[in-house]
Protein chains: 4
Amino acid sequence: MRKKEGNKEEDILKAAIEVFAQAGFYDAKISKIAELANVSIGSIYVYYQNKDDIIYKIFDKLWGSLYHNLEALVNRSDLSMVEKYDAMIDMIFDTFTENSSTAIVIAHEQQRLLLRNKESFTPYYDKFIDLGERIVREGVKKKIFNPNIDTNIFRHFLLGAFRDLINSWATSPEEFQLNSVRRNIKFLSKYGILIHNQ
Amino acid sequence: MRKKEGNKEEDILKAAIEVFAQAGFYDAKISKIAELANVSIGSIYVYYQNKDDIIYKIFDKLWGSLYHNLEALVNRSDLSMVEKYDAMIDMIFDTFTENSSTAIVIAHEQQRLLLRNKESFTPYYDKFIDLGERIVREGVKKKIFNPNIDTNIFRHFLLGAFRDLINSWATSPEEFQLNSVRRNIKFLSKYGILIHNQ
Amino acid sequence: MRKKEGNKEEDILKAAIEVFAQAGFYDAKISKIAELANVSIGSIYVYYQNKDDIIYKIFDKLWGSLYHNLEALVNRSDLSMVEKYDAMIDMIFDTFTENSSTAIVIAHEQQRLLLRNKESFTPYYDKFIDLGERIVREGVKKKIFNPNIDTNIFRHFLLGAFRDLINSWATSPEEFQLNSVRRNIKFLSKYGILIHNQ
Amino acid sequence: MRKKEGNKEEDILKAAIEVFAQAGFYDAKISKIAELANVSIGSIYVYYQNKDDIIYKIFDKLWGSLYHNLEALVNRSDLSMVEKYDAMIDMIFDTFTENSSTAIVIAHEQQRLLLRNKESFTPYYDKFIDLGERIVREGVKKKIFNPNIDTNIFRHFLLGAFRDLINSWATSPEEFQLNSVRRNIKFLSKYGILIHNQ
DNA sequence: AATGAATGAGTATTCATTCAT
DNA sequence: GATGAATGAATACTCATTCAT
C-alpha cells in the first residue's frame, strides 16, 4: 500500500474532473478530491504541484488527445474534403462526449484559464487550432469551402458552438439526443439555417 | 442634490463589470470594486445584497436589454424573414459589443451561474430564448428556415458561437475586425461553410 | 467597538512579544497572539502584514528606542568619557531590562533574522551600531580607551555579552541580581577579569 | 564492506550542519539533508530518532569535544594561571572555528534549545561550564582573577561575547581577521577596554 | 539496513460581510 | 445613507515521520 499502485495519479485526475464539474474550480475542495480519489490529501501534492496544476493537466490531456487524433486525420488522403470535415466533427464530438464531466470542466474553465495566463496553457491547444485551420484552408483551396469566410472567425464560431452544445448536453443529458446534436452541428456548420439548393 | 443618489448604484455596477472582466468573479475583490467606484465598502452593501447579487444584476440588466430589444423586433411586420433574422443578429451583436467588459463577464461567468442555480438566474434570459425560438419557428413555418434543424440545438449553436467570438474580440480587439465578425456570423449561421447555390 | 480604540495595534505587539518569548517565533501561533491580545485573528492582519512583519516591528521599536536614547547621550558634553560609557551601558541595560520578554525575543531571534535578510532588518540597528562605535572611537582619541582594540570586534564582544546575560536573566530572573549583572558588565568591559592597578 | 556503515551516520550529521547553518533549524528540510548526505530520507530515521535528535547530536558532539579538551587542560600544572586561561580561550576558539557552519548553528539555535528543554540538552554543556568556572575560581584563589567578579556572570559574559564574535566571523569571514578576533577576546576579557597599568 | 511513496495533522492568511458610529 | 475597522470561518499546502517492500 506504501508502494505506488500505478493509478493514484489517474485516480486523482478523475476525481478532480468530477469535483471541478460539480462545484466549479474555485468551490472545489482539495479535501473532497482526495476523498473521492480514495487518497490522502498529501498524496495529491505528490503527483500535482497545486490546484492549478491539476486543472492544467486535465486540459493538457484533453487537448493532447484532440491534437493527436486530428493529426492522424489531417494527413489522410483517402477521404474527400467533406468527409474529412465530417470526420473532424465526429472526432471532436466523440472526444468531448466521452466524459461529460470533462466537457463541463472545459466549458466552464477554459476561457478563464486562457485569459489569466495564455502562455502557460497547454501548447496542444494552439497546435490543435493550427491543424484545424489547415483543414479549412485546404477546403478553401479545393474550392469546397467558401473563400470569403475568415478562417480565424470560423474556428471560434465552430468551437464556440461546440462548447455550448456539449456543455448543455453534459449538464442536461435528458434534454438532448446526442446523435441529433452531432447531426445538427455538422449540418449547420456546413449549410447554415436557411433552406437553399445544396 | 439628494436626487443624485442613483449614481452610486450604477457606479458600483460599472466598476464591478470592469473588475469582474479583469480578474474573474472569484478573484475580484469587493474592496477593489469599491475603490474603482469611488465608494466605501459599506456602500456596496447598501445597494447590493452580496457579491452574487452584483453579478446577478449585471446579467439581469444585459438580458433585460436584449429581451426588450428582441421583443420590439419580433412583432415588426415590415421586415422579411431574413431581414428580421439579420436584424436580430445585429441587435445581439450591438448589445454585446457596446461594452467589451460586459461581454467578457458574460462569456466567463454565465455557464457557471446557470449551472449553480438555474432557478435564480435572471428570468429575462429564458424569455429572450423563447422569443428567439419564436423567430426561428416563424422562419420554419414560412419555409425559409430548414425544418430539420432542432430549434433548441440551433439557439445553443448560435449563442455559443456568439459568445466565443465576442469574447475573443473583447479579449484581443486588435485581432478582430468587428464588422467582419458580424458579417461572418450572419453568413455562417445562414449558409454555413460550404460553397453552394444560394 | 467597531471603532479603533487606539491601542489594538499595541495590544497585538505586546501579546506577540509574550508569545514569541514563550514559544519561539516558529512555534508561536497567530491564533494564540490574537487570543492574548483579546482581538480577532483578522484584526492582526489589519495592523500587520504577516507574522514576519510583527517581529520586524518588535525589533524596529526596540532598536529605534535604543538609537534615540544613544543619540541623546552621544552629544552630551557634561560627561567625562568614562561617565558617558557607563551611561551607555546603563541605558542599554535599562532598555533591555524594561521588558524581559522583549529581551528573550531579541536574544533568540535577532541572529536568525539578520542572517535571513540583512537588508530588510530595521535600519535603527545599523544606526545604533554606528553611534556606539563613535563613542568608542572618541574614547580612543581621548586616550581613555585602548587604541589596540578593534572597534568592530569590541562592539560584537560587548553586545554579545549583553545579549547572553540579559537573556539569562530574563529566562531565570531568580538566578541573577540585576544590579550585580549591571555592575559586572560595566566592570568587565572596562577592566577585564584580571586584577591590576586601575 | 559492511564495516563502512559508520559513514552514513556521520554524513548525515555533516549535511545537517550545513543545512541548519544555511536555512536555520525550522526552515531546514529533512529531504534536503538526505539529498546533501547522499542518503535516502528513510535512512536518516535509521540513525536519528527525529529532527530534534539530529540537532541534539550536533550539540552533544561539540560540547563533548569542548568538555574533553577543557578537562585535559584544567589538570595541567605546568601552566601559570594566565597561561591556562589563554589556553582555554585558544581551545574554545579553535573548536568553534574549526567548522564555521557548526559555529553558526550553535549561535542560532542553542538559546532556543536551552529554553525549550533545559533538561534534555547535552550534559556536556553543564559539565563544561562547571570546569570553566573551576578555572576562574582557581584564578581567584590564586589572587590573579578579581574576586569581586561574579563567576556565573563572567562565564555568560565570556561565552556570549564568544558566540557573537564567532557567529559574525562565520557569517562574514571576509570582515574579520581570525587572529585579530582571538587576540581581542583574550585581551578584552582580561584587561577590558580601558587603558591602565597592567 | 535501506528506501521513498504515502500520510494527515496543523496553520498562516484571505476576504466577504457586518454594524457601531 | 455612508463608513471602514473588525470579524472569523474556511482552506490550500507543507513536511516530519512512517512502514510496506
Side-chain angles (χ1 to χ4, degrees), chain A residues 1-6 8-9 12 26-35 37-54, chain B residues 2 4-5 8-9 25-35 38-54, chain C residues 1-6 8-9 12 26-35 37-54, chain D residues 2 4-5 8-9 25-35 38-54:
Chain A
M1 233 164 258
R2 292 262 150 186
K3 201 75 183 192
K4 188 178 162 185
E5 280 169 14
K8 228 159 222 174
E9 187 171 359
I12 293 167
Y26 278 92
D27 285 336
K29 311 294 173 239
I30 292 287
S31 57
K32 181 77 186 166
I33 295 173
E35 186 194 327
N38 213 18
V39 143
S40 77
I41 289 174
S43 285
I44 290 185
Y45 292 89
V46 171
Y47 295 101
Y48 301 92
Q49 286 170 15
N50 49 37
K51 205 177 169 187
D52 276 314
D53 189 35
I54 302 177
Chain B
R2 294 251 160 177
K4 270 187 96 181
E5 84 256 2
K8 221 162 233 185
E9 187 172 357
F25 180 76
Y26 277 91
D27 286 337
K29 312 285 176 253
I30 293 286
S31 57
K32 181 76 184 169
I33 295 173
E35 185 194 329
N38 216 17
V39 143
S40 79
I41 288 174
S43 285
I44 289 183
Y45 289 87
V46 171
Y47 295 101
Y48 300 91
Q49 286 170 20
N50 50 37
K51 204 179 172 186
D52 277 314
D53 189 36
I54 302 177
Chain C
M1 232 163 262
R2 291 262 151 186
K3 202 75 181 192
K4 188 179 163 183
E5 281 167 14
K8 227 159 222 173
E9 188 171 356
I12 293 167
Y26 278 92
D27 285 336
K29 310 294 173 235
I30 292 288
S31 57
K32 182 76 186 168
I33 294 173
E35 187 193 326
N38 213 17
V39 142
S40 78
I41 289 174
S43 284
I44 290 183
Y45 291 89
V46 171
Y47 295 100
Y48 300 92
Q49 286 170 16
N50 49 38
K51 205 177 169 186
D52 277 315
D53 189 35
I54 302 177
Chain D
R2 293 252 160 175
K4 270 188 93 179
E5 82 256 2
K8 222 162 231 183
E9 188 171 357
F25 181 76
Y26 277 91
D27 285 338
K29 312 286 175 250
I30 292 287
S31 57
K32 181 76 185 166
I33 294 173
E35 185 194 329
N38 216 15
V39 142
S40 76
I41 288 174
S43 285
I44 290 183
Y45 289 88
V46 170
Y47 296 99
Y48 299 92
Q49 286 170 19
N50 50 36
K51 204 179 171 185
D52 277 314
D53 189 35
I54 302 176

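Throughout, a chain's letter reflects where its sequence line sits, starting with A, and its residues are numbered from 1.
- Following rounding to the nearest Å, Ile44(B) (CD1) and dC15(E) (C1') show an atom-to-atom distance of 13 Å.
- Between Asp53(C) atom CG and dT13(E) atom C1' there is a gap of 14 Å when expressed in whole angstrom units.
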Report the C-alpha distance between Asn50(D) and Tyr45(D) in whole Å, list the side-chain angles of each, state the deciding distance to 0.1 Å, and finish with yes or no for side-chain hydrogen bond (donor to acceptor under 3.5 Å, both in side chains). CA-CA 6 Å; Asn50(D) 50 36; Tyr45(D) 289 88; over 6 Å; no
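- Residue Ile30(A) is classed as a sugar-phosphate contact, given heavy-atom separations below 4.0 Å to backbone atoms only.
- Nearest to the side-chain atoms of Val39(A) among the listed nucleotides dT14(F), dT11(E), dT7(E) stands dT7(E).
- Asp53(A) and Gln49(A) make their closest contact through OD2-N, 3.0 Å (heavy atoms, listed as atom of the first residue, atom of the second, distance).
- In this structure, the NZ atom of Lys29(A) is 12 Å from the C1' atom of dA9(F), given to the nearest Å.
- Which of dT14(E), dT17(F), dT7(E) sits closest to the side chain of Ser43(A) comes down to dT7(E).
- In terms of phosphate contacts, Ser40(A) brings no side-chain nitrogen or oxygen within less than 4.0 Å of OP1 or OP2 of dA6(E).
- The distance from atom CD of Glu35(A) to atom P of dG8(E) is 13 Å, rounded to the nearest whole Å.
- Here the nucleotide nearest the side chain of Asn50(D), chosen from dT17(F), dA16(F), dA6(E), is dT17(F).
- Distance NZ/Lys29(C) to CG/Asp27(C): 5.0 Å, rounded to 0.5 Å.
- Side-chain proximity of Ile41(B) to dG4(F), dT13(E), dC13(F): nearest is dG4(F).
- Between dA6(F) and Lys8(C), a contact under 4.0 Å exists linking OP1 or OP2 to a side-chain N or O.
- Between Tyr47(A) and Lys8(A), the shortest heavy-atom contact is CE1-CB, 3.8 Å.
- Nucleotide dA10(F) holds its C1' atom 14 Å from the OH atom of Tyr26(B), rounded to whole Å.
- The residue among Ser31(A) and Val46(C) whose nearest nucleotide of DNA chain F lies closer to the 5′ end is Val46(C).
- When each of Gly42(A) and Gly42(B) is assigned the nucleotide of DNA chain F with its nearest heavy atom, Gly42(B) is the one assigned upstream, toward the 5' end.
- Straight-line distance from the CD1 atom of Ile33(A) to the P atom of dT11(F): 13 Å, rounded to whole Å.
- Protein atom OH of Tyr48(B) is 16 Å distant from nucleotide atom P of dA16(E), rounded to whole Å.
- Atom CD in Glu9(B) sits roughly 15 Å away from atom C1' in dA2(F) (whole-Å rounding).
- Taking every side-chain heavy atom of Tyr47(A) into account, dA5(E) is the closest of dA5(E), dA2(F), dA6(F).
- Nearest-nucleotide assignment on DNA chain E puts the 5′-proximal partner with Asn38(D), out of Asp52(C) and Asn38(D).
- One distance of note links CD of Glu9(C) with CD1 of Ile44(C); it measures 12.0 Å at 0.5 Å rounding.
- Where pairing requires Watson-Crick or G-U contacts shorter than 3.5 Å, the helical stems of DNA chain F with at least three consecutive pairs are E:2-21 with F:2-21.
- Crowding of Asn38(C) atom CG: a count of heavy atoms from other residues, nucleotides or ligands under 6.0 Å not exceeding 12.
- Contact annotation: the side chain of Ile33(B) never approaches that of Val39(B) to less than 4.5 Å [non-hydrogen atoms, C-beta and beyond].
- When all heavy atoms of Ile12(C) and Ser43(C) are compared, the closest pair comes out as CD1-O, 4.0 Å.
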